[in-house]
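Each remark here refers to the structure printed beneath this line.
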Amino acid sequence: MLKVAVMGASGRMGKMLIEAVEAAEDCTLHVTLDKGDDVRTGLTGADVMIDFTRPEATLAHLAVCADLGVKAVVGTTGFDDAQKAEIARFAERTAIVFAPNMSVGVNVVLKLLDLAARAMNEGFDIEIIEAHHRMKVDAPSGTALQMGQVVADALGRDLKQCAVYGREGVTGVRDPSTIGFATVRGGDIIGDHTVLFAGTGERIEISHKASNRGIYAQGSLRAARFLAGQRTGLFGMNDVLGFAR
Ligand SMILES: NC(=O)C1=CN([C@@H]2O[C@H](COP(=O)(O)OP(=O)(O)OC[C@H]3O[C@@H](n4cnc5c(N)ncnc54)[C@H](OP(=O)(O)O)[C@@H]3O)[C@@H](O)[C@H]2O)C=CC1
Ligand SMILES: O=C(O)C1=N[C@H](C(=O)O)C[C@H](O)C1
């Protein structure tokens with residue numbers, strides 16, 4: 001039986017995770033924690049922590065996990081490079097799955113994007129469009145950024161150099177070496193992502209549209225089960241799902 005700690009318990013994902021853990025035959029809900037709770041006491045005795053909160057909270061939680069040897073599934077997005085490096089350091093002391101999107105569908109789309117970008121490596125302008133609910137506090141989404149990274153890697157580009165985040169004013173002709181990002185926020189959109197390969201005479205769109213946050217919770221449980229066989233290390237959903245790189 002996997003003893004699971006859910007962080008951010010009162011959040012949109014926290015509530016879905018609690019429901020999923022309680023319904024899983026091989027998991028038991030060790031503790032649910034929210035802002036202000038005693039994290040070290042709460043995590044003591046847990047096998048794995050699942051954290052969908054905010055970057056600063058997640059890092060504080062991971063420090064405790066590393067001390068206690070508790071594994072971690074991190075779904076939180078919005079980390080900067082320094083914070084991601086800190087996550088990697090924690091993974092030297094415990095096992096962590098860190099993924100901006102835990103759904104099987106998005107991780108299949110990421111594999112499709114690698115193939116598509118390699119095939120359409122010339123003559124196609126690449127734009128990434130994402131749409132989320134009005135309550136989302138970070139942009140672009142972590143998923144959109146990972147999609148951009150996959151495409152940039154496939155094309156041999158440096159995403160930090162080629163990314164264009166939003167456009168306004170007289171922008172001039174589109175630079176074909178760029179990858180554009182557009183962000184929509186509104187309503188109760190769970191999470192829509194489209195990668196557009198705009199060519200001359202044809203346009204290819206690869207999309208994922210989420211309609212229930214349960215897909216992220218179920219992906220998180222798959223990640224938690226995967227970690228049961230790991231002692232330390234930083235892993236992604238490719239590792240959890242057995243997708244060959
Ligand atoms: N990887 C994936 O598959 C997915 C990732 N996400 C990501 O998960 C994160 C959470 O999303 P969502 O559940 O919609 O957000 P919510 O705002 O609904 O939930 C966030 C939770 O974290 C808590 N929290 C915030 N700050 C702290 C803190 N400093 N210490 C402890 N707890 C804190 C909040 O508590 P309080 O309300 O009291 O502030 C709340 O319970 C986001 O980064 C989002 O992008 C979301 C869905 C899927
Ligand atoms: O905040 C959300 O809701 C989501 N965030 C993740 C992201 O930033 O990619 C995953 C999913 O799109 C939902």
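Atoms within a ligand are numbered from 1 in the order they appear, just like the ligands themselves.
For the pair S103 and ligand 1, the shortest N or O to N or O distance does not fall below 3.5 Å. Of the polar atoms of R213, none of the N or O atoms is found under 3.5 Å from an N or O of ligand 2, judged by distance alone.
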Checklist entry - side chain to side chain contact (heavy atoms under 4.5 Å, CB included) between R203 and F197: does it pass, once the steps are laid out? => result CA-CA 6 Å; R203 186 168 78 231; F197 294 83; over 6 Å; no
Next on the checklist: The test is side chain to side chain contact (heavy atoms under 4.5 Å, CB included); show your working for I128 and H193 and say whether it passes.
Outcome noted: CA-CA 7 Å; I128 300 172; H193 293 87; 5.5 Å; no
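With rounding to the nearest 0.5 Å, the separation of NZ in K15 from CZ in R213 is 10.0 Å. Here the CG atom belonging to L17 is positioned 13.0 Å from the CZ atom belonging to R12, to the nearest 0.5 angstrom.
Annotation for ligand 1: atoms under 4.0 Å from non-hydrogen atoms of A57 are 27 (C), 28 (C), 29 (N), 30 (N), 31 (C). Atoms of ligand 1 lying under 4.0 Å from any heavy atom of D34, numbered from 1 in the order shown and given with element: 41 (O). Using a 4.0 Å cut-off to heavy atoms of H193, the atoms of ligand 2 that qualify are 12 (O). Those atoms of ligand 1 with a heavy atom of G8 less than 4.0 angstrom away are 21 (C), 22 (O), 41 (O). Close contacts of ligand 2 with T77, meaning ligand atoms under 4.0 Å from a residue heavy atom, involve 7 (C), 8 (O). Residue contact check: Y216 has heavy atoms under 4.0 Å from atoms 3 (O), 47 (C), 48 (C) of ligand 1. Within the listing of ligand 1, atoms 9 (C), 10 (C), 22 (O), 42 (C), 43 (O) sit less than 4.0 angstrom from a heavy atom of T53.
Proximity of a side-chain donor or acceptor of N107 to a complementary backbone N or O of S103 within less than 3.5 Å is detected. The closest donor-acceptor contact from the side chain of Q83 to the backbone of D80 lies under 3.5 Å. Not one N or O on the side chain of D37 forms a donor-acceptor pair closer than 3.5 Å with the backbone of V39. A side-chain donor-acceptor contact under 3.5 Å links H30 to the backbone of G42.
Among G11, A217, S10, the residue whose heavy atom lies nearest to atom 19 (O) of ligand 1 is G11. In this comparison of S141, P100, A99, G142, the heavy atom closest to atom 6 (C) of ligand 2 sits on P100. The heavy atom nearest to atom 20 (C) of ligand 1, considering only H132, M135, R54, is found in R54. Summarising the contacts of atom 5 (C) of ligand 1 with G75, A210, A139, the nearest heavy atom is found in G75.
From the protein, the heavy atom lying nearest to atom 8 (O) of ligand 2 is K136 NZ, 2.8 Å. Protein heavy atom closest to atom 13 (C) of ligand 2, with residue, atom name and distance, is H132 NE2, 3.6 Å. In terms of protein heavy atoms, atom 13 (O) of ligand 1 is closest to M13 N, 2.9 Å. Considering only non-hydrogen protein atoms, atom 16 (P) of ligand 1 sits nearest to R12 NH2, 3.5 Å. Ranking protein heavy atoms by distance to atom 9 (O) of ligand 2, first place goes to T143 OG1, 2.6 Å. Among all non-hydrogen protein atoms, the one lying nearest atom 3 (O) of ligand 1 is M102 N, 2.8 Å. The shortest contact between atom 39 (O) of ligand 1 and any protein heavy atom is with K35 NZ, 3.1 Å. Atom 45 (O) of ligand 1 has its closest protein heavy atom at T77 OG1, 2.6 Å. Of the protein's heavy atoms, F52 CE2, 3.3 Å lies nearest to atom 4 (C) of ligand 1.
Criterion: ILVMFWY side-chain heavy atoms under 4.5 Å apart, direct or through other members. Under it, M237 and M147 are not part of a common hydrophobic cluster. If you chain together hydrophobic residues whose side chains sit under 4.5 Å apart, L110 and F243 never meet in one group.
When non-hydrogen atoms are compared, ligand 2 lies under 4.0 Å from the side chain of H133 (C-beta onward) but not from its backbone. Counting heavy atoms under 4.0 Å from ligand 1, residue K136 touches it through the side chain alone. Within the 4.0 Å heavy-atom criterion, the part of P100 lying near ligand 1 is the backbone and not the side chain.
Within the structure, ligand 1 has A99 among the residues with a heavy atom less than 4.0 angstrom away. Using 4.0 Å as the threshold, G78 has no heavy atom nearer than that to any atom of ligand 1. Using a non-hydrogen distance threshold of 4.0 Å, R213 does not register as a contact of ligand 1.
A pairwise comparison of heavy atoms in T76 and T53 identifies OG1-N, 2.8 Å as the closest pair. In plain terms, the two heavy atoms of L227 and K71 that are nearest each other are O-NZ, 3.1 Å. Heavy atoms only, all atoms of each residue included: E130 and A144 are closest at CG-CB, 3.9 Å.
The local environment of CZ in R231 is sparse, with at most 12 non-hydrogen atoms from other residues, nucleotides or ligands closer than 6.0 Å. Within a 6.0 Å radius of CG in D188, other residues, nucleotides and ligands contribute 12 heavy atoms or fewer. For CE of M135, the number of neighbouring non-hydrogen atoms (other residues, nucleotides, ligands) closer than 6.0 Å is 12 at most.
Note on ring orientation: taking the six-membered ring where Trp is involved, the planes of Y165 and F181 are tilted (angle from 30° to 60°).
Distance check on atom 27 (C) of ligand 1: some protein heavy atom falls below the 4.0 Å cut-off.
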